[in-house]
Amino acid sequence: MNLKKVNRKLEKRFGSAAHASFHDGMITVTGHLPKWSDVVEACSSAATKYSKVHVVNDIVCDEVKEQPMRMPKITDKSLDGETPDVLIIGGGISGVSIARELSKWKLDILLVEKEADLALQASGRNDGEVHPGVDLSKGSMKHYYIRKGNEMYDEVCRELDVPFKRVGQYVCFDKTWLKPAIALYCLWRRKHDGISDTELISGEELHRREPNLGENFKFAISNPSSGCVCPYGLTIAYAENAVMNGARVALNTAVTGMQVENGKIVSVSTNRGTIHPKIVINAAGVFAEDIAKMADDRFFSIHPRRGTNSILDKKAGAFMHSIASVVGLNFGKNHSKGGGILHTVHDNLLLGPDAVETFEKENTETRKESIQTVFTKQKKTMPTVSERDIITYFTGVRAPTFEEDFIIEKGRKTENIIHCAGIQSPGLTTAPAVALDIEKMAVEMLTKNAPVAKNSGYNPIRHGVPVLREMSDEERNKLIKENPDYGVIICRCEEISKGEILDALKSPICVPTVDGIKKRIRPGMGRCQGGFCSPLVTKIIAEYLGVPISEVKKSSEDSVITFGKTK
Amino acid sequence: MKKNYDVIVIGGGPAGLAAAIKAHDSGKAVLLVERENRLGGILKQCIHDGFGLVRFKEKLSGPEYAERFIDEFYEKKIDYSVLTFVTRIEKKENGFAVTLVSRDGVTTVGANSLVFATGCRERTAKQVAIHGTRPAGVFTAGTAQHFTNLLGELPTKKCVILGSGDIGLIMARRLTLEGAEVVGVYEAKPTPSGLTRNIHQCLHDYNIPLYLSHTVTRVFGADRLTAVEISEVDDKMNPIAGTEQIVECDALILSVGLIPENELAEGLGVKIDPRTKGPAVNGQLMTSIDGVFSCGNALHVNDLVDYVSESGETAGENAAAYEKKERREIDLTASGEFLYVVPQKLDLNRDNSRTTVYFRSREILDKCVFKIKKDGQEVFKKKYPFLRPPEMEKLVIDFDSFKLDESSELKLEIEVNAE
């Protein structure tokens, strides 16, 4: 990093309005800029890709309206005075996978999540691709974990009873003259970067495998190790297994501050009381910088990046059975491969995402422009995709650092924190491998004070709610004979029975809301989007809880569905 | 339940009930399968009146209309199974194997012919490109009706209704009667989508404003819906920038169209007409697959239940009489003035002497003539003072009198502004 060069660049672009300085092993960019896009540009130009010297953004920006983090409605003292060995902040894929790996040890593990359920932010709002890492080069944390993570998926998903399919990925090119360069690129990835499944295939071979992909594709990079998984399903499964093994999960619990003394976090305040953990794990996604700041350990910045995905009807799922994307000349230069079309593990097609910088960490509104951008691009990948087949769309917010790499390390100034920050794509793929490393770091940290024993009762096997629609008639018949509720279909589109809904209500982390049930077993995820089943699911939840229907919520405490009895 | 039936009817709403009764009357063994716990279909939640004017010459509520068929159905002791879901249908050498899931387990039943009376579903918010947040309080009109009429729960205190389809209009009145405020009904098209009588009886009589050429472009609210953004639209129904206004409310209720439900039928390979979104059928309401019949709102979205029952009877009667025969089909080609025409084909090896034709015009047309031309020669005409897309038209035509053969070209046309 050459600070002088950085400042020359900043001055040329922004005059005296932005300035970089180096201290405490980080680059702080200060100044005053009108627009958020300027801030991203200034900080990105000060950052070195994949560097461990991070850029911290202290620029005042006119456009940014500081919005307080959305808080859970509830306030009580239910966690007051708790003294867990490990406090994990964040119920996304990072936090829950760490909780599960740590539950191999005899530890008091508490995971807090501010939302009403797990995986409600980035982990539940991504495309579910298990990446091969074909766009990653050696030297980055992303690359360090990608193969390990990818290779762990078969076993992890088997243990956690989560569907996972290695469907393969095709990065498609329409310019023949690029072929020699891309052939070299593939060789380099294979030999140098260890992405060993990378292969160049001809256009004919591509079309033989996926006949509906764009006719003008001349060749493609193929990575058979690429797969798809249900990202929120995996997150919930990890958390359930952690809970089975003794960890605790507190939903609707937001961290609001920390007391740090002599480089050590002594207490963490939340809306449910003050917690005194031995160590803290920061897996707070877009809020990871805020958590680091509370812990007096801020050495990186997060710049949120929005992405919108569309889900198409299962009928469109028949168009293609893998993951494919069209590439332009900027291949390898962007932060991700730029979205694509993915045949989901539930047999829908998913299109997206796009990538839009934003200062709003929690704004998951969808916009028309995002859908248009994605469809314009992906119609080149596969001309048969149509907006008419859309059944839903959703927006997630990624949490990248300016170095565009993960931060998986112990606190730099504060001694009892571990950061799992800057997690963006391929964070879902790497999570199983990252969790193992953080488990080691945490156990090492705790061992300094007292020995940590193995949890003798640890069981890595979790059984999900049985999926009757995928069973043979014999198996299904047998289960219905044992429990006739399995024969009462509530969600016609996804063929979900009352028995499965009741099972989800009895699952280890019960979230008795319409969205909670939907995320666990899919009623309402089909083409009618809950038009037929949502009143029925609401009623089943009310009956199960023994409350009036008007007390059943869509998701959060204030997301009421009905206002009580009619006249 | 027996192992084999002559006819299996899928769906116990008005179309399915009528089909099952007719097939039974032909002396056939019939099984009706219904996935809900009671017969009657969507009529169960349609507690308003106006049903049966064509058929019974009286105004009945939805449940009353259904009751007449259900009573007859029970009296005739026709086999049926409620809370029973068809999970799979396979074509066999002789007929079909229908696999059912119910509280009793998984069973497979054989049938010589099938009647699909599977109704329709509502278009959703995302299908009409509504953006913004995802709060509680976005309902399709049918879902809001289910909450209100079947569960007795009020889904809104102050709402905006998007779309002037009949269910939306009915719900505007229903919610007003329950004390909720309906801020307005907003329709993207320049003309209403629902029946004229519903515009009067549900909106005008209750002073609920109808805004044409307006649509909802965005919803707000992190938990429960707090407001919607409304925009005016141009003649291509695209929102006009600068016309946005924010309307505070706690719910958005959508009545933006119905889609025939044919996923099961499509699984068998039944060909769908993109205009009706239902199966393309011949005069017997038989689909592209031999022995598979379609009726009611699964065939095309009807305006009146009376016609749903009627097509159910046609399908039931023909399904009962079905035996495999070679087809000799010709197309009924409809000109661009039609939104759609049912049936789409005629099988010259069957009786077409009193074939019912259902159609809708694409636009509002005044003083027009419906014409059938055979090889360019007019063979049938009927004058209409006006045609309106929300109102379906029905004709019974003796096609056999036109002396058709495989080479005949049959064209349906609408001549506009005729004297």
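Order of the sequence lines sets the chain letters (A, B, ...), proteins ahead of strands, with each chain counted from 1.
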Problem - Salt-bridge present (A:K481, B:D104; N to O < 4.0 Å) - result: no
Handout entry: Salt bridge present between A:R527 and B:E263 (N-O < 4.0 angstrom)
Key = yes
Problem - Winner by heavy-atom pair count (cut-off under 4.5 Å) against chain B, out of A:V488, A:D473, A:L479 - result: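 Of A:V488, A:D473, A:L479, A:D473 has the most heavy-atom pairs under 4.5 Å with chain B.
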Exercise for the section: Return the option, out of A:D515, A:I490, A:D558, with the maximum number of heavy-atom pairs under 4.5 Å with chain B. Expected result: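 Ranked by contacts with chain B, first place is A:D558.
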Can you establish whether the number of heavy atoms outside [X] located under 6.0 Å from its atom [atom1] is more than 12?
X	atom1	result
A:K565	NZ	yes
A:K379	NZ	yes
B:K271	NZ	no

Handout entry: Top contributor to chain A contacts, counting heavy-atom pairs under 4.5 Å, from B:A180, B:G105, B:G152, B:G221
Key =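 The residue among B:A180, B:G105, B:G152, B:G221 with the greatest pair count is B:G152.
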Handout entry: Max heavy-atom pair count under 4.5 Å with chain A, selected residue of B:I130, B:L100, B:N149
Key = B:I130
[atom1] of [X] to [atom2] of [Y]: how many Å apart, nearest 0.5 Å?
X	Y	atom1	atom2	result
A:I391	B:Q127	CD1	CD	8.5 Å
B:K157	A:T562	NZ	OG1	10.5 Å
A:K498	B:L83	NZ	CG	9.0 Å
A:S534	B:H146	OG	NE2	8.5 Å
B:L151	A:T538	CG	OG1	8.0 Å
A:F532	B:R121	CZ	CZ	8.0 Å

For [X], is it the side chain, the backbone, both or neither that has a heavy atom under 4.5 Å from a heavy atom of chain A?
X	result
B:E266	side chain
B:D250	side chain
B:T226	neither
B:T107	neither
B:L225	neither
B:R218	side chain

Practice task
State whether a side-chain donor-acceptor pair under 3.5 Å links A:Q529 with B:T124.
Solution key: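 Not at all, the side chains of A:Q529 and B:T124 share no donor-acceptor pair under 3.5 Å.
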Between [X] (side chain only) and [Y] (backbone N and O only), is there a donor and an acceptor less than 3.5 Å apart?
X	Y	result
B:R224	A:I561	yes
B:E122	A:C528	no
B:K126	A:S310	no

Practice task
Report the residue from A:K73, A:K553, A:R70, A:K554 that forms a salt bridge (charged side-chain N to carboxylate O under 4.0 Å, His left out) with B:D223.
Solution key: A:R70
